[in-house]
J.: 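Here's a structure for you.
Read the numbers this way: they start at 1 and go in the same order the structure lists the ligands and their atoms. Here, residue 1 is the first one in the sequence, and each next residue gets the next number. Excluded from the calculations below are hydrogen atoms, water molecules and symmetry mates; all remaining heavy atoms, backbone and side chain alike, are included.
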Amino acid sequence: MIEFQNITKIYKGNKRAVSDVTLSFGDSEFICFIGTSGSGKTTAMRMINRMIEPTSGKILIDGKNIQDINPVELRRSVGYVIQNIGLLPHMTIRDNITLVPKLLKWPEEERAEIAEQMIRLVELPVEMLDRYPHELSGGQQQRIGVVRALAADQNIVLMDEPFGALDPITRDALQDFVKELQEKMGKTIVFVTHDMDEALKLATKIVIMSHGKVVQCDTPENILKNPANDFVRELIGEERLIHSQQDYITVGEVVTQHAISITKDKSLSEAIRLMREKRVDTLLVVDNQNILKGFIDVETINEQRGKSTIVGDITNTDVFFIRKKALLRDAVQKILKRGLKYVPVVDENKKLVGIITRSSLVDMVYETIWGEEEDGLSAPTETMTEVPVKEQEEV
Ligand code: ADP
Ligand code: MG
């Protein structure tokens, strides 16, 4: 738990950057500080690990005044990620991942262990630990950058506009990834951004700042429903406010279609039989726990027949998916942006729960905007037979 008690920071020259801020956050929250440039976000965040000392007021972590915690101890529990995550090019992936653990003087064996754990988290082979950043794809490098921030196993991680310089698709994928890791690992993340879409997507708590003061601190949902004043309203954007109700529909609420899947230990002839029976040309591949592993398609089976016999051997693991808890509005954007005909939907453990098709999405979007159509003129429905999963890098 993090508490700000009447925190004020006045810089030399009498610049009041943060003004009497009182806040409290629970464990495992994803906290986003948002506001215009110069509103005091970075200053507020950096006081949490004492990179900046407050002029007055107290910050408590788990009830303890951070002034009473020795700085080395504090840095063991609070990590910091500077703007625009990048890997150090002259260091191996292993050395990049274990940079902070090394600074914190972790023993060798523990560093080796965490490096392996982190590379597994990004679903890359352990051998890659000894490669250099330029030998990995851009997407792989960025994912390593994100897990590096978590490698030192600090309970609290501070991130200052980490995705600021990325293109929208990469940024979107990394947001998903960091959110997924945060939920999985139960970390508390304090994240600075100036992008409301980013804050709404990631945060469990949003802190809106203006001129060093907190204007509003609440869940994304409550901020959308009850913006504190015109400043907040403007930050959210009028248009979004009107649509905020629809915005909060999750993918899980609209998954209707059953996914046609096969476990990876099945034979290729079984896969073909299933495809014929269900009249589809791709199958999603899952393991025995129904965890999504990828997909197979007719072409690959034809090419690989004779060489391999098991579904798992020819599974394309580069499968794009959406989490059940994701917002429908984000899902719509992604599907449209990527030109996908359907996407698998998974739960928090990556278990397959169903699919949503592009056409069902289009229908839903029309319904929410125009209401139910009465003349029966809805978009033509596509069947899965016509919709191969398009190969996508999931970054
Ligand atoms: P944000 O991250 O929201 O852009 P900052 O916390 O970086 O805002 O800055 C808040 C205010 O404090 C700004 O007006 C900025 O110019 C000022 N400021 C930040 N750092 C210093 C400093 N080291 N010395 C003097 N003024 C500073
Ligand atoms: Mg800043």
J.: Below 4.0 Å from any atom of ligand 1, which residues have a heavy atom? Give them in chain and number order, please.
T.: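 Ligand 1 is contacted, at a heavy-atom distance under 4.0 Å, by Y11, K15, A17, T36, S37, G38, S39, G40, K41, T42, T43.
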J.: Ignoring hydrogens and angles, state whether a donor on the side chain of T193 or D195 is under 3.5 Å from an acceptor on the partner side chain.
T.: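 Per modelled atom types, T193 and D195 side chains form no pair under 3.5 Å.
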J.: According to salt bridge (charged side-chain N to carboxylate O under 4.0 Å, His left out), does anything in residues 93-104 pair up with another residue at least two apart or in another chain? List the pairs.
T.: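 Qualifying pairs: R94-D130.
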J.: Give the table of side-chain donor-acceptor pairs shorter than 3.5 Å for residues 151-159, with sequence neighbours excluded, one pair per line with atom names and distance.
T.:
unit_1 : atom_1 : unit_2 : atom_2 : d
D153   : OD1    : K187   : NZ     : 2.9
Q154   : NE2    : R75    : O      : 2.9

J.: Counting backbone and side-chain atoms alike, does T42 have an N/O/S atom under 2.8 Å from the Mg ion (ligand 2)?
T.: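 Within the cut-off used here (under 2.8 Å), T42 does place an N, O or S atom near the Mg ion (ligand 2).
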J.: Indicate the ring-plane relationship of F25 and F4, choosing parallel, tilted or perpendicular according to the 30° and 60° boundaries.
T.: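 Taking F4 first and then F25, their aromatic rings stand perpendicular (interplane angle over 60°).
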J.: Does Y11 have any side chain to side chain contact (heavy atoms under 4.5 Å, CB included) partners at least two apart in sequence or in another chain, and if so, which?
T.: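 In terms of side chain to side chain contact (heavy atoms under 4.5 Å, CB included), with neighbours along the sequence ignored, Y11 is linked to K9, K15, A17, T43, I52.
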J.: Would you indicate whether the side-chain heavy atoms of M91 and L99 approach each other to under 4.5 Å?
T.: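 Yes; the side chains approach each other to less than 4.5 Å.
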